Colleague: 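Handing you this structure, nothing more for now.
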Amino acid sequence: MTGTSDAESLDRLFSQICRLKHARVHTLYEALGLYRGQPRVLRALWDQEGLTHTALSRQLGVQPATITKMIQRMEKAGFVERRPDPDDQRVSRVYLTAAGRAIREDVQQVWRRLEEEAFAGFAEEERVLLRGFFLRIRDNLVQASGVG
C-alpha cells in the first residue's frame, strides 16, 4: 500500500482490532463466568435446545472434541446439562439449565456494550458503510479459502 508504513497497513490495523476485540470480549465474558466459545454454544441452545454434540460441532464449525470439553466445562458451571436421547441412549443431547437461560440478557448486554465501545463516535452512515466493507472482506476471505 503506497504512502503508509507497515505499522499503519490495513492488514496490521485489522489484526490489532481483532486482538483488542478478543481481549475485551474475554474480559467481559470472564466477569460472567464464561470462557471462549461458550457464548456461541449458549446462543445455539437459545435458538434450539436439545442439540447433540455432533450438531453443535457442525453448527459452530469446531471439532467434536472441542465441543465435548466446552459442554463438560459449562455443565460444571451449571449452564447446561446433558440428557440421553430418548430414542438412542448412545446419544446425549444438550439442554440449558435455569442459569443458562438466565444469563442470556447478560450475554446480550456484553454484545451491545462491545458494539457501543467499538463504534463510539461513528455516525449511522459510517456504520452502514463499515458494515458493507466488513461483508466484502468476509466474502473475499470465504471465496479465497473455500470455507463457507
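Heads up: numbering here begins at 1 and tracks the sequence. None of these values were measured; they are calculated from a predicted model.
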Colleague: With heavy-atom distances below 4.5 Å as the criterion, would you say the side chains of Leu45 and Val94 are in contact?
Modeller: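 Contact flag for Leu45/Val94 side chains = yes.
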Colleague: Is Glu115 close to Arg127 at the side-chain level, that is, under 4.5 Å between some pair of heavy atoms?
Modeller: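 The answer is yes; the side chains approach within 4.5 Å.
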Colleague: How about CZ on Arg131, more than 12 heavy atoms from neighbouring residues, nucleotides or ligands closer than 6.0 Å, or not?
Modeller: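 Not more than 12 within 6.0 Å, no.
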Colleague: A quick test of your reading: do over 12 heavy atoms of other residues, nucleotides or ligands sit less than 6.0 Å from CD of Gln89?
Modeller: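 Above 12, so yes.
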Colleague: If hydrophobic clusters are built by linking Ile, Leu, Val, Met, Phe, Trp and Tyr wherever their side-chain heavy atoms come under 4.5 Å apart, do Phe122 and Phe134 end up in the same one?
Modeller: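 They do share one cluster, since a chain of ILVMFWY contacts under 4.5 Å joins Phe122 to Phe134.
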Colleague: Roughly how far, to the nearest 0.5 Å, is the OG1 atom of Thr27 from the CG atom of Leu32?
Modeller: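 If I round to the nearest 0.5 Å, the distance is 11.5 Å.
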Colleague: Could you tell me which non-hydrogen atom of Leu51 sits nearest to which non-hydrogen atom of Ala44, and how far apart they are?
Modeller: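 Answer, listing the atom of Leu51 first, then Ala44: CD1-O, 4.1 Å.
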Colleague: Walk me through it: do Glu81 and Arg83 pass the test salt bridge (charged side-chain N to carboxylate O under 4.0 Å, His left out)?
Modeller: CA-CA 7 Å; Glu81 64 182 4; Arg83 298 183 210 150; 2.7 Å; yes
Colleague: Mind checking whether Tyr95 and Leu42 sit in one hydrophobic cluster, side chains of I, L, V, M, F, W, Y counted as touching below 4.5 Å?
Modeller: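 The answer is no; the residues belong to distinct hydrophobic clusters.
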Colleague: Of all heavy-atom pairs between Glu30 and Tyr35, which one has the smallest distance, and what is that distance?
Modeller: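 In terms of heavy atoms, the two residues are closest at OE2-CE2, 4.1 Å.
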Colleague: With sequence neighbours excluded, tell me which residues meet side-chain contact (heavy atoms from CB on, under 4.5 Å) with Leu28.
Modeller: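 With neighbours one apart ignored, the set is Arg24, Val110, Arg113.
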Colleague: Side-chain atoms of residues 55-73: list all donor-acceptor pairs with protein atoms under 3.5 Å, sequence neighbours left out, distances to 0.1 Å.
Modeller:
| from | atom 1 | to | atom 2 | distance (Å) |
| --- | --- | --- | --- | --- |
| Ser57 | OG | Val62 | O | 2.5 |
| Thr68 | OG1 | His53 | ND1 | 3.4 |
| Thr68 | OG1 | Pro64 | O | 3.0 |

Colleague: Could you tell me how the ring of His26 sits relative to the ring of His22: parallel (under 30°), tilted (30 to 60°) or perpendicular (over 60°)?
Modeller: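 If you compare the ring of His26 with that of His22, the planes turn out parallel.
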Colleague: Pairs of donor and acceptor atoms involving the side chains of residues 97-104, under 3.5 Å and at least two apart or interchain, shall be tabulated with distances.
Modeller:
| from | atom 1 | to | atom 2 | distance (Å) |
| --- | --- | --- | --- | --- |
| Thr97 | OG1 | Gly78 | O | 2.4 |
| Thr97 | OG1 | Phe79 | O | 3.1 |
| Thr97 | OG1 | Ala99 | N | 3.3 |
| Thr97 | OG1 | Gly100 | N | 3.2 |
| Arg101 | NH1 | Thr97 | O | 3.4 |
| Arg101 | NH2 | Glu49 | OE1 | 3.3 |
| Arg101 | NH2 | Glu49 | OE2 | 3.1 |
| Arg101 | NH2 | Leu96 | O | 3.4 |

Colleague: Without hydrogens or angle criteria, can the side chains of Gln109 and Arg112 be said to hold a donor-acceptor pair below 3.5 Å?
Modeller: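 Short answer, yes.
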Colleague: Decide side chain to side chain contact (heavy atoms under 4.5 Å, CB included) for Gln38 and Tyr29; before the verdict, give the C-alpha distance in whole Å, the side-chain angles of both, and the deciding distance to 0.1 Å.
Modeller: CA-CA 9 Å; Gln38 292 179 347; Tyr29 284 152; over 6 Å; no
Colleague: To the nearest 0.5 Å, how far apart are CZ in Arg93 and CG in Asp88?
Modeller: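 Taking CZ in Arg93 and CG in Asp88, the distance rounds to 9.0 Å.
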Colleague: Please tell me whether Leu20 and Ile17 are part of a single hydrophobic cluster in this structure, the criterion being side-chain heavy atoms less than 4.5 Å apart.
Modeller: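 No; tracing contacts between hydrophobic side chains, which count when under 4.5 Å, never links both residues.
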